[in-house]
Amino acid sequence: MIKVKICGLKRPEDISYVNEAAPEYAGFVFYEKSRRYVSGEQAAKLRKALSKYVTSVGVFVDADIKYIKSLYESGVIDIAQLHGKESVSYIKELKVMCADLPVIKAISADGGDIKTTIGSYGPFKKYSDGESIKKTLTANFLLIDNGAGGTGKRFDWSILDGIEAPYFLAGGIDLSNIKEALKL
């Protein structure tokens, strides 16, 4: 099933747009070096205005697990998206501290053998119910992007052939290639 995530919300008008567009996911960036950065306090205010039908995602880069936990437990985020060098052991620790927190691990399409990289965050299975996906102690989903996130550049999507892991496709999706992206 195809789902949409809009990321980088930081203004009330961003929330209004997302509520109108009604994607499945909307993201707040908690990485201070990003131009889309929001503080936990800003995100909490914005989250209150976000439709209850939109799942909120916190985007982090090598963040302190306690910070992620505080945002999750306070209801600011529903999912953690990790964009740094977080290891499998980091993800396992996060999942122990936040038992029902789904995790998206971002990986770079230009980081060598993508299938080996994907395998290191698995095992991934095609789950028939949401409960199984929440209980895995590894990443629940991958986000595959072209290098660092937020570039708006596409990578060679043919490298995704045969990948069974549930993933988000990111980078360079626009009107000229959306139909091709939807086929992936």
Side-chain angles (χ1 to χ4, degrees), residues 1-86 90-91 94-95 97-109 130 133-134 139-155 166-179 181-182 184:
M1 173 183 238
I2 296 175
K3 297 181 180 185
V4 174
K5 178 176 162 288
I6 296 174
C7 201
L9 309 179
K10 60 186 287 184
R11 307 169 302 164
E13 51 267 37
D14 298 334
I15 299 297
S16 296
Y17 173 75
V18 166
N19 287 341
E20 182 180 330
E24 287 77 13
Y25 305 94
F28 299 109
V29 177
F30 296 101
Y31 181 54
E32 290 183 9
K33 293 181 182 178
S34 171
R35 62 184 164 82
R36 298 178 186 151
Y37 167 76
V38 293
S39 67
E41 295 78 25
Q42 288 173 292
K45 289 177 187 173
L46 294 169
R47 176 67 172 112
K48 287 179 183 175
L50 186 64
S51 168
K52 66 179 180 178
Y53 300 107
V54 177
T55 301
S56 66
V57 179
V59 178
F60 304 93
V61 176
D62 302 318
D64 184 309
I65 290 175
K66 291 177 186 172
Y67 182 58
I68 297 172
K69 180 181 180 187
S70 71
L71 292 170
Y72 176 61
E73 289 180 346
S74 65
V76 175
I77 64 167
D78 302 311
I79 296 178
Q81 180 176 315
L82 309 176
H83 270 268
K85 295 178 180 168
E86 300 89 359
Y90 175 101
I91 294 170
L94 175 62
K95 301 279 286 205
M97 289 182 70
C98 305
D100 292 327
L101 176 67
V103 172
I104 301 167
K105 176 61 182 137
I107 61 171
S108 174
I133 230 167
K134 286 182 180 178
N140 302 96
F141 305 96
L142 297 173
L143 183 139
I144 305 170
D145 201 348
N146 184 21
T151 65
K153 295 181 181 176
R154 178 184 166 168
F155 62 90
Y167 65 89
F168 289 82
L169 177 64
I173 302 170
D174 58 32
L175 292 176
S176 70
N177 60 25
I178 188 70
K179 288 182 182 177
L182 291 172
L184 296 172

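Remember, predicted model here, so these are calculated numbers, not experimental data.
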Straight-line distance of [X] [atom1] to [Y] [atom2], nearest 0.5 Å:
X: Ile79; Y: Ser56; atom1: CD1; atom2: OG; result: 8.0 Å
X: Ile68; Y: Phe30; atom1: CD1; atom2: CZ; result: 10.0 Å
X: Cys98; Y: Ile77; atom1: SG; atom2: CD1; result: 7.5 Å
X: Tyr167; Y: Leu143; atom1: OH; atom2: CG; result: 11.0 Å
X: Leu94; Y: Ile65; atom1: CG; atom2: CD1; result: 5.5 Å
X: Leu169; Y: Leu184; atom1: CG; atom2: CG; result: 6.0 Å

With heavy-atom distances below 4.5 Å as the criterion, would you say the side chains of [X] and [Y] are in contact?
X: Asn19; Y: Ser16; value: no
X: Ile15; Y: Leu9; value: yes
X: Leu46; Y: Phe28; value: yes
X: Leu82; Y: Ile91; value: yes
X: Phe155; Y: Ile144; value: yes
X: Asp145; Y: Ser108; value: no
X: Val59; Y: Cys7; value: yes

Query raised in the report: When you look at CD of Glu13, are more than 12 heavy atoms from neighbouring residues, nucleotides or ligands closer to it than 6.0 Å?
Result: yes

Query raised in the report: Does atom OH of Tyr67 have more than 12 heavy-atom neighbours, drawn from other residues, nucleotides or ligands, at distances under 6.0 Å?
Result: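 Check passes, neighbour count above 12.
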
Report task. Please report the shortest heavy-atom distance between Asp14 and Gly8, naming the atom on each side. Result ->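 Here Asp14 and Gly8 meet closest at OD2-O, 4.2 Å.
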
Requested in this report: Mind listing the closest non-hydrogen atom pair of Val38 and Ala43 along with its distance?
Outcome: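 Smallest heavy-atom distance, with atoms named: CG2-CB, 4.0 Å.
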
**Report entry** Pair Lys5 + Glu24: basic N to acidic O under 4.0 Å
**Finding:**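 Salt bridge absent between Lys5 and Glu24.
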
**Report entry** Salt bridge flag under 4.0 Å for residues Arg47 and Asp78
**Finding:** yes

For [X] and [Y], indicate whether the former's side chain and the latter's backbone hold a donor-acceptor pair under 3.5 Å.
X: Gln42; Y: Ser39; value: yes
X: Lys10; Y: Arg35; value: yes
X: Asp62; Y: Lys85; value: yes

Query raised in the report: How would you list, by chain and number, every residue that makes a salt bridge (charged side-chain N to carboxylate O under 4.0 Å, His left out) with Glu41, sequence neighbours excluded?
Result: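 Glu41 satisfies salt bridge (charged side-chain N to carboxylate O under 4.0 Å, His left out) with no residue once adjacent residues are dropped.
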
Query - Positive for side chain to side chain donor-acceptor pair (under 3.5 Å) with Lys105, one of His83, Glu86, Gln81 - result: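 Per the side chain to side chain donor-acceptor pair (under 3.5 Å) rule, the option paired with Lys105 is Glu86, out of His83, Glu86, Gln81.
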
Query raised in the report: Under the ring-ring contact (aromatic ring centres under 6.0 Å, His included) test, which residues partner Tyr25, sequence neighbours left out?
Result: Phe168

